[in-house]
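Since we're looking at a predicted model, the values are computed, not measured. Read the numbers this way: they start at 1 and go in the same order the structure lists the ligands and their atoms.
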Amino acid sequence: MSNIIELNNISKAFDNQKKISVLKNLSFKFKKGKIYSLSGPSGSGKSTLLNLLSLIDRPSSGNIKIDNRNINHNEIEINDKIRSSNIGIVYQEKNLLPDFTAIENVCIASLAANNNHTMAEQESLKIIQKVGLKDRTNHYPSELSGGEMQRIAISRAIVNKPRIILADEPTGSLDHENANQIFNLLFKLKNKDRVIIFATHNRFFANKADYKISLSNGKIKTINGKI
Ligand SMILES: Nc1ncnc2c1ncn2[C@@H]1O[C@H](COP(=O)(O)OP(=O)(O)OP(=O)(O)O)[C@@H](O)[C@H]1O
Ligand SMILES: [Mg+2]
């Protein structure tokens with residue numbers, strides 16, 4: 001079974017003063033071992049979709065399967081556990097807790113999944129070294145550059161070796177060189193058991209994914225596979 005996430009007839013509407021239908025009856029299967037880019041105009045629902053995939057938000061209707069298991073959105077504790085152990089998330093910015101150092105930010109994610117302090121510290125240090133920031137280990141976020149913050153954010157997202165990596169415009173606030181570095185890092189994380197899904201406005205990076213998903217009017221408009 002190569003599908004890792006399955007969306008079946010997913011709709012999402014926000015019902016504040018005025019009802020906004022963002023996603024309309026989406027069905028899609030994400031395969032493991034692949035990288036997907038998510039593009040589409042501002043407001044097309046990229047972040048909304050990523051928030052559903054990360055189980056942070058729930059669909060208005062339809063269902064999500066992870067590893068062929070139906071997600072019950074009322075089982076908050078179970079879903080929190082699924083998220084902390086299986087899903088790594090990177091946002092555009094403000095990923096890190098400001099009052100914690102780089103290594104502490106990474107450790108917290110590890111502790112949430114395993115509660116083993118020695119392992120958390122060792123694993124976090126190993127990953128921070130891998131992203132080339134050993135000499136920034138004890139820096140606070142305010143003492144890091146934007147690119148460095150995103151490298152720590154990626155470290156935090158991968159410390160539990162998640163099988164699902166979600167990134168919402170991870171380079172949205174970086175220059176091209178730093179963005180390149182972040183995407184190189186992200187693409188290196190590809191492996192046969194893992195799916196990586198990222199939203200971006202940058203066509204250059206979107207084109208590097210194995211599959212390109214484009215959202216428009218609540219629907220998936222085009223899916224171009226490289227393979
Ligand atoms: N919590 C919310 N309450 C009401 N409306 C919301 C909420 N979150 C998102 N929306 C609306 O849903 C639509 C989709 O938003 P979303 O953030 O998913 O777009 P996006 O594709 O990520 O855009 P961008 O490229 O600007 O990040 C927008 O019209 C937005 O105003
Ligand atoms: Mg967005």
Side-chain angles (χ1 to χ4, degrees), residues 5-30 34-64 66 71 73-74 76 79-80 83 87-97 141 146-147 149-154 156-157 162 164-176 178-180 182-183 185-187 189 195-224:
I5 309 175
E6 238 184 279
L7 305 177
N8 294 306
N9 284 315
I10 291 291
S11 294
K12 177 69 182 176
F14 292 105
D15 227 340
N16 300 356
Q17 293 98 333
K18 191 170 158 263
K19 188 173 170 182
I20 307 171
S21 291
V22 182
L23 305 175
K24 299 171 190 161
N25 276 312
L26 287 194
S27 294
F28 195 79
K29 294 182 170 85
F30 292 93
K34 301 294 177 202
I35 303 186
Y36 295 81
S37 64
L38 205 52
S39 46
S42 186
S44 59
K46 302 179 296 295
S47 299
T48 303
L49 179 58
L50 288 171
N51 288 339
L52 297 181
L53 295 174
S54 61
L55 312 181
I56 285 169
D57 203 358
R58 59 172 69 201
S60 308
S61 62
N63 92 329
I64 299 177
I66 294 183
I71 297 296
H73 294 277
N74 294 322
I76 291 168
N79 295 342
D80 284 348
R83 187 182 319 105
I87 306 177
I89 310 170
V90 184
Y91 297 101
Q92 176 172 347
E93 52 190 356
K94 299 200 183 82
N95 278 288
L96 306 176
L97 299 168
M149 276 193 258
Q150 288 309 70
R151 274 145 78 191
I152 296 296
I154 290 189
R156 192 191 57 182
I164 299 170
I165 295 179
L166 306 173
D168 194 355
E169 299 193 46
T171 63
S173 46
L174 301 181
D175 62 31
H176 189 75
N178 275 291
N180 225 346
I182 293 298
F183 272 106
L185 199 59
L186 205 60
F187 278 92
L189 297 172
V195 66
I196 300 174
I197 306 166
F198 64 89
T200 183
H201 283 286
N202 186 311
R203 214 175 291 169
F204 174 77
F205 295 120
N207 285 337
K208 290 184 172 235
D210 296 317
Y211 294 97
K212 277 167 60 184
I213 298 175
S214 168
L215 282 177
S216 173
N217 298 321
K219 297 274 189 196
I220 287 177
K221 203 173 74 173
T222 49
I223 308 153
N224 294 333

Closest non-hydrogen atom pair between [X] and [Y], with its separation:
X    : Y    : result
I197 : V195 : CG1-CG2, 4.0 Å
P162 : G88  : CB-N, 3.5 Å
T48  : K12  : CG2-CG, 3.6 Å
K46  : G40  : NZ-O, 2.9 Å

May I ask you to check whether G43 has an N/O atom sitting below 3.5 Å from an N/O atom of ligand 1? yes

Based purely on interatomic distance, does G45 place a nitrogen or oxygen under 3.5 Å from a nitrogen or oxygen of ligand 1? yes

Using heavy-atom distances, let me know which of L50, L52, V22 sits nearest atom 12 (O) of ligand 1. V22

Can you figure out which of G218, P41, G40, S47 has its heavy atom closest to atom 22 (O) of ligand 1? S47

Would you call S44 a ligand 1 contact, heavy-atom distance under 4.0 Å? yes

Against ligand 1, does A199 come closer than 4.0 Å with any heavy atom? no

Do Q150 and N95 get their side chains close enough for a donor-acceptor pair, meaning under 3.5 Å? yes

Quick one about S47 and D168 (side-chain donor to acceptor, distance below 3.5 Å, no hydrogens or angles considered), yes or no? yes

Show all protein N/O/S atoms under 2.8 Å from the Mg ion (ligand 2), or state that there are none. S47 OG

To check your reading of the model: name the closest protein heavy atom to [atom], its residue, and the distance in Å.
atom                    : answer
atom 16 (P) of ligand 1 : T48 OG1, 3.6 Å
atom 27 (O) of ligand 1 : E169 OE2, 3.2 Å
atom 2 (C) of ligand 1  : F14 CD2, 3.4 Å
atom 26 (O) of ligand 1 : S42 OG, 2.5 Å

Heavy-atom count around K94 NZ within 6.0 Å, excluding the residue itself: above 12? no

My question is simple, although I want it checked carefully: is atom 30 (C) of ligand 1 less than 4.0 angstrom from any protein heavy atom? no

Any protein heavy atom at under 4.0 Å, with atom 10 (N) of ligand 1 as the reference point? yes

Which is it for N16 and ligand 1 at heavy atoms under 4.0 Å: side chain, backbone, both or neither? side chain

Do you know which of N8, L215, N9, L52 makes side chain to side chain contact (heavy atoms under 4.5 Å, CB included) with L26? L215

Of N79, N51, N74, which meets side chain to side chain donor-acceptor pair (under 3.5 Å) against R58? N74

Mind checking what makes ring pair (Phe, Tyr, Trp, His ring centres under 6.0 Å) contact with F183, not counting sequence neighbours? F198, F205

Could you check whether the rings of Y211 and Y36 sit parallel, tilted or perpendicular, using 30° and 60° as the cut-offs? parallel

Any side-chain heavy-atom pair from I164 and I5 closer than 4.5 angstrom? yes

